Amino acid sequence: MTDQPENPLRDALADAISSNEVILFMKGSPEQPMCGFSARTCAALTATETEFAAVDVLADPRIRQELSSLSNWPTIPQLFVRGELVGGADIVGQMYESGELAAVLGAPATAGSDPLPETAEPGSAPPLQIENRLG
Amino acid sequence: MPTADEVKARIESGIPGAEAEVTSDDNVHFSARVVATEFAGLSLVDQHRLVYAIFGEGELGGSIHALALTTETQ
């Protein structure tokens, strides 16, 4: 790997991941997910009553490219908790059903086996607009 | 467009000893359950990375629009 001193987008992504305890990179917003996988992941987070920051990767194609190179994960959504990649929609769904998600998020593990609601309630945090930091 | 059988063959040749069940209604959206002893000791994230790594840059999200994945060690 070569040093890339000038990469403001990568810096902004790394900063967003480290400064938000729970952050979801998704297509669309929690209010209006643009992909079923993103919608399901939002629904799992909402069902565990977790507040989370959300970034819409569709806002700028460079976000997705840079995120995947940073996280070594090819698909969207991507959930990070305390700076660590927890996984995409499949892993988050699996962990929700096993109750592990609540444990990772530090939420009470009561939601474990409830079926996921069809649609996510709007998240409480406003979306982060990484694209606004692009030059 | 790859078929479910082709995706299954790719996964099984990419991860020695793996057994994959792959389904698809449209040869664009795939669902795979992969069982491999090679997953033992790996986090779910790393298990999925092993499967994703089989497919080339741009293939996931491209010709394979979606790959719903479940991984198990046995």
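Each chain gets a letter, A, B and so on, in the order its sequence line appears, and its residues count up from 1. Only this structure's heavy atoms are used, side chains among them; waters, hydrogens and symmetry mates stay out. What you are looking at is a predicted structure, and each value in this text was computed from that prediction instead of being measured.
When each of A53(B), A68(B), A66(B), G61(B) is scored by its heavy-atom pairs under 4.5 Å with chain A, the top score falls to A68(B).
Within a 6.0 Å sphere centred on CD of E19(B), other residues, nucleotides and ligands contribute 12 heavy atoms or fewer. Taking a 6.0 Å sphere around CD of E72(B), one finds it holds more than 12 heavy atoms contributed by other residues, nucleotides or ligands. For D25(B), the CG atom counts as loosely surrounded, since its 6.0 Å shell holds 12 or fewer non-hydrogen atoms of other residues, nucleotides or ligands.
Clustering ILVMFWY residues whenever any of their side-chain heavy atoms sit less than 4.5 angstrom apart, transitively, puts V45(B) in a cluster other than the one holding V35(B). A single hydrophobic cluster is seen to contain both F55(B) and I76(A), as judged by linkage of ILVMFWY side chains at heavy-atom distances under 4.5 Å, directly or through other members.
Partner of D90(A) under the side-chain contact (heavy atoms from CB on, under 4.5 Å) criterion, chosen from L69(B), L67(B), L44(B): L69(B).
We find the OG-CG distance between S43(B) and L85(A) to be 8.5 Å, quoted to the nearest 0.5 Å.
At a threshold of 4.5 Å between non-hydrogen side-chain atoms, the residues H48(B) and T75(A) do not count as touching.
In terms of heavy atoms, L60(B) sits closest to P74(A) at CD1-CG, 3.7 Å.
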